Amino acid sequence: MNRTVKAGVASLTILAAAASASLAQQPPIKIGVINVLSGSFAAYGKTGKQGAQLAVEEINQAGGLLGRQVEIIQVDDQAKPDIGVQEAKRLILNEKVNVLLGVDSSSVALALAPLTNEYKIPLVVTHAATPALTEQCNPYVFRTSNNARMDAFAAADLAAKLPYKRWANIGPDYEFGHASWNDFIARLKEKRPDVVVAGEQWPKGGESNYTPYITALMQGQPEAVFSALWAGDLVTFVRQANAFGFFKQIKLFEDPVGAALETIGPLGKEAPLGELFSTRYWFLYPDSKTNKAFVDAYHKRWGEYPSYNAEEHYAGMQMLAQAIRQAKSLDAEAIRNAFEAGGGITYEAPEGKKWMRPADHQVFENLVWGYTASSDQYPFVILKDIQVIPEKDTVYPTKCAK
Amino acid sequence: MNPSLLLLEFMTGLASASSLFLLAAGLSLIFGALGIVNFAHGSFYMLGAYLLFWMTRGDAGSFWHYLLLAVAASVVIGAAVERIFLRPILRRPEHFQILLTYALLLVIADVCRLAFGSDYKSISMPPGFGGPVFFLGAPFPAYYAGLVGLAAVAGVLLWLFLHRTRYGLLVRAVTQDREMLEALGINVPALFTIVFALGIGLAGFGGAVSLPLQSMSTDVAVDAVISAFIVVVVGGLGSIWGALAGAFLIGEVQAFGALLLPEFSIVFVYLLMALVLLFRPWGLLGRAPAVRT
Amino acid sequence: MKVLPFAVLLLLLVLPWLLPAYGVQVAIQALVLAGFAVSFNFLFRNAGLLSFGHAAFFGAGAYTAALLMSKWGWNYLATLPVVLAVTALVALVIGFLSVRLTKIYFTMLTLAFAQMLWAVVHRWYNFTGGDNGITNVRPAGLLGTAHGLYYLSLACLVFVTLLLRVVVRSPAGYTLRAVRDNPVRVAAIGVSTFEYVLAAFVLSGTFSGLFGFLQLAWQRSVFPDLLYWTTSAQVIIAVILGGSGSTKWDYGPIAGAAVLVSAQAAVQSRTQYWPLALGLVLLVLVLFFPAGVVGLFSRAERRRAQEEELDRAAA
């Protein structure tokens with residue numbers, strides 16, 4: 001070939017090489033995942049982190065998002081709002097993440113919400129359950145998990161069908177405990193005006209000695225007890241209550257987050273049987289292909305069964321991915337439009353269908369409850385006699401405009 | 001309200017008081033003898049529980065076999081900590097001592113988190129203690145009754161040690177006049193190590209026996225030391241009887257408070273602490289007045 | 001050495017232009033803690049009182065501003081006089097009841113009062129929002145930006161440091177230290193020791209509230225944990241880390257705060273074992289460097305710390 005053609009081929013080759021190199025070196029999409037990794041709720045942060053990681057690994061294996069790989073930057077907020085804010089600012093300003101996801105602690109979630117407006121960055125909440133978060137109507141805050149009000153309403157609907165009239169409460173003395181009980185008893189009394197409150201006990205969060213509360217509660221002679229105790233508090237309470245024969249004396253104990261694997265795991269054979277628990281996601285339900293695939297993949301990856309926090313982080317990450325694909329962009333406004341489009345984004349999660357209400361960005365879904373029963377197959381109690389509260393019964397009006 | 005219910009509430013208060021006493025007695029002893037406010041006390045409580053959990057591998061059947069071993073391990077660790085970290089700073093200003101023991105609290109708690117993980121550790125009731133015993137017809141958990149008994153035994157043994165043995169005499173003497181004891185040729189630093197180890201042993205014992213009752217995590221350390229502080233402030237810093245009185249008072253206040261005024265549980269105890277500090281700053285059974293002249 | 005304070009001030013003035021955006025955020029946190037530490041140290045150093053309840057004042061300042069802004073729409077700077085008044089009142093009440101005592105009893109009582117205030121704020125969510133806090137509170141205009149807040153914080157730090165320095169060197173300051181060293185003698189010459197210590201307590205508390213006010217602007221929210229004893233512990237650590245000393249310009253607390261905030265930001269982005277790291281640093285500090293960070297640089301400080309130790313051993 002003559003020299004001109006050679007030069008032309010050479011330059012074209014170099015150009016092609018450069019182009020493909022830059023394509024391969026497209027910067028990854030960065031997602032800041034914020035969890036409680038230390039302190040008494042660390043067990044939950046750990047499972048959440050694992051769920052998020054599994055989702056990202058699957059997304060990357062399938063070719064990534066918008067042609068780019070996805071990278072997680074994991075952060076521990078220690079359940080402290082000021083640490084959460086500081087670390088979020090580091091993620092946004094230093095690490096230049098595109099989206100924030102996760103957040104177990106409600107107060108951290110509330111503290112982070114204003115940052116989404118200031119820095120125009122989406123926050124996908126997958127655990128923090130205070131209804132107040134979505135009632136703030138922030139344009140870039142999205143919650144893909146159910147909140148405490150939905151749990152309380154479901155609990156009340158189930159309670160209304162039961163023959164018990166004397167209800168008591170024992171809950172942790174912070175907003176989550178009080179709001180759950182208030183929502184529960186208000187809804188229950190609407191459906192069953194004959195219901196009577198037979199006592200309320202409010203041990204502090206992190207209480208190590210429940211004995212005064214247990215005996216006082218038993219003195220009120222309730223038929224059934226509602227409780228929003230969770231995490232280590234529930235484990236401690238159950239052990240001490242067992243010692244007093246508490247669960248034998250009352251007819252029913254109802255707890256919206258009682259069957260979390262993080263609590264029934266350590267409780268093992270001590271967990272009370274025949275009590276009405278929910279857990280936001282129960283790994284043995286539904287019996288669908290999606291759920292089975294997820295449980296198997298999670299078990300293979302982490303050597304344990306997925307708790308609700310693992311599944312919620314997984315589903316939240318996948319929903320975010322779906323919105324990004326739809327938006328074809330990482331811009332906060334575009335992602336918002338994708339979440340709100342067509343009456344609100346829907347997604348088939350392992351736990352079932354999730355639908356996000358466009359007005360307040362809160363996801364609604366069926367809620368699964370069951371009665372605890374012992375199992376030969378698993379070292380913890382499982383849920384039998386599954387009761388499903390349909391999504392439409394968990395919806396409440398929002399003050400956010402569409 | 002019938003008498004058996006009242007008795008049940010009273011017994012509940014005693015159960016709370018028992019674990020508080022085990023925590024506070026050691027703290028009081030250490031303050032009385034060494035003059036140090038041991039912030040790390042709660043982490044030794046937690047350490048006792050973690051050690052027992054580790055030794056029994058979570059199996060309650062071997063609970064009694066390993067209980068004393070766990071306590072002995074706590075005693076040895078306590079002695080080592082005193083010798084290495086506390087002895088150099090005994091003559092330093094208070095704020096250094098507070099800072100040092102606070103640092104120890106952080107380190108020990110986090111080392112446990114590193115070594116044992118952050119999930120909730122607990123254990124079933126040891127065999128034979130699952131059911132209730134009956135007082136005036138009211139059922140009361142056998143393990144809690146046992147706890148009250150154990151705390152009583154520990155208290156009696158402590159009293160015997162302090163009032164009927166030579167070492168106990170020395171310990172009581174050093175709380176009153178350290179210099180005199182040194183002048184008499186007693187090896188006061190070694191005595192301090194013994195007292196500290198003893199106090200830590202009590203804390204470790206308290207933690208270990210609480211393992212079937214509580215889910216242990218590293219936050220337990222902080223919670224425990226705050227509870228211990230409140231007890232010794234109310235009862236009197238430096239006084240074992242004060243620890244007993246304070247534990248009893250707080251235990252019963254919590255029990256009857258939860259029954260009568262459940263709305264205010266959280267404020268009660270701090271209010272009690274503040275009242276005592278305002279009117280008897282050295283505690284109900286404490287000694288030296290600390291009021292500015 | 002006379003040039004050092006001006007050099008430091010100059011550096012602090014240009015710092016926002018040298019640091020990346022996140023660095024400015026950390027710097028603001030450092031300035032806020034530094035001011036809090038300087039206010040705390042005034043009481044600690046000159047009255048010899050270790051308060052474990054200063055979180056009450058820091059938090060009271062933050063909450064007062066947050067409540068006024070969120071419930072009644074006040075402008076951020078306009079809340080400042082009310083913040084100072086409320087914090088002074090809280091300090092007056094707590095101080096009146098606490099300064100009668102000394103040493104460990106004083107420390108315990110301040111802890112008890114701060115915890116009571118925390119419990120009330122935590123429980124009273126109709127008013128304070130409980131542990132949902134008060135959020136989305138942002139100063140309007142320039143102070144809502146990082147640079148604006150940085151310079152305001154710096155101005156407050158300089159102002160408080162200078163003012164307290166004047167008080168420390170005044171006759172009142174000398175009297176206060178006399179009360180610290182020999183209260184019986186001071187009372188014998190007819191001076192009311194109670195009034196001097198109480199005044200120092202209120203001054204220390206009020207300025208702590210000022211920096212709580214600034215913390216609100218940085219965090220844009222308040223939560224009850226600002227009032228929890230861990231906040232009090234943090235300022236104590238900052239002061240002792242830096243070296244409480246009697247240096248001219250209160251470098252100790254400022255240096256300690258800067259080191260603590262920077263270390264925390266750096267370490268916690270890398271590991272979840274920050275408490276272990278902090279604990280180890282404190283152990284090393286207490287055992288080997290009792291004069292703190294300042295002691296690393298100043299032989300006079302080291303000597304002063306040693307003398308203090310010998311004095312105590314002799315006492």
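In what follows, chains are A, B, ... by sequence order, proteins preceding strands, each numbered from 1. All values derive from a computational prediction rather than experimental measurement.
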Under 4.5 Å heavy-atom distance to chain C, tell me which part of Val222(B) shows up: side chain, backbone, both or neither. side chain
Hey, can you pull the donor-acceptor pairs under 3.5 Å for the side chains in residues 51-58 of chain C, sequence neighbours left out?
{"unit_1": "Ser51(C)", "atom_1": "OG", "unit_2": "Gly53(C)", "atom_2": "N", "d": "3.2"}
{"unit_1": "Ser51(C)", "atom_1": "OG", "unit_2": "His54(C)", "atom_2": "ND1", "d": "2.8"}
{"unit_1": "His54(C)", "atom_1": "NE2", "unit_2": "Ser204(C)", "atom_2": "OG", "d": "2.8"}

Should we say atom CD of Glu195(C) is surrounded by more than 12 heavy atoms from elsewhere, each under 6.0 Å from it? no
Using non-hydrogen atoms and a 4.5 Å limit, figure out which bit of Leu114(B) sits close to chain C: side chain, backbone, both or neither. both
Return the CG to CE distance between Leu277(B) and Met108(C), rounded to the nearest 0.5 Å. 8.0 Å
Check: residues 282-290 of chain C side-chain donor-acceptor pairs under 3.5 Å, at least two apart:
none

Less than 4.5 Å to any heavy atom of chain B: does that hold for the side chain of Phe113(C), its backbone, both, or neither? side chain
Is there side-chain contact between Tyr102(B) and Ile236(C), with at least one heavy-atom pair below 4.5 Å? no
Of Phe106(C), Tyr273(C), Trp274(C), the largest count of non-hydrogen pairs under 4.5 angstrom with chain B goes to Tyr273(C)
Of the listed Ile240(C), Val120(C), Leu50(C), Leu111(C), the one with the largest count of heavy-atom pairs under 4.5 Å with chain B is Ile240(C)
Where Gly279(C) and Ala103(B) come nearest, the two heavy atoms and their spacing: O-CB, 3.5 Å
When you look at CZ of Arg172(B), are more than 12 heavy atoms from neighbouring residues, nucleotides or ligands closer to it than 6.0 Å? yes
Given the options Leu99(B), Ile98(B), Leu105(B), which has more heavy-atom pairs under 4.5 Å with chain C than any of the others? Leu99(B)
Residue part contacting chain C, namely of Leu100(B), when any heavy atom lies under 4.5 Å: both
Straight-line distance of Leu280(C) CG to Leu106(B) CG, nearest 0.5 Å: 9.5 Å
Can you check whether Leu276(C) reaches Arg113(B) side chain to side chain, under 4.5 Å on heavy atoms? no
Hey, is CZ on Arg87(B) packed in by over 12 heavy atoms from elsewhere, all under 6.0 Å? yes
Stepwise side-chain contact (heavy atoms from CB on, under 4.5 Å) check, Leu278(B) with Arg100(C): CA-CA 9 Å; Leu278(B) 283 173; Arg100(C) 301 180 310 138; 4.3 Å; yes
Between Ala233(C) and chain B, which part of the residue has a heavy atom less than 4.5 Å away: side chain, backbone, both or neither? side chain
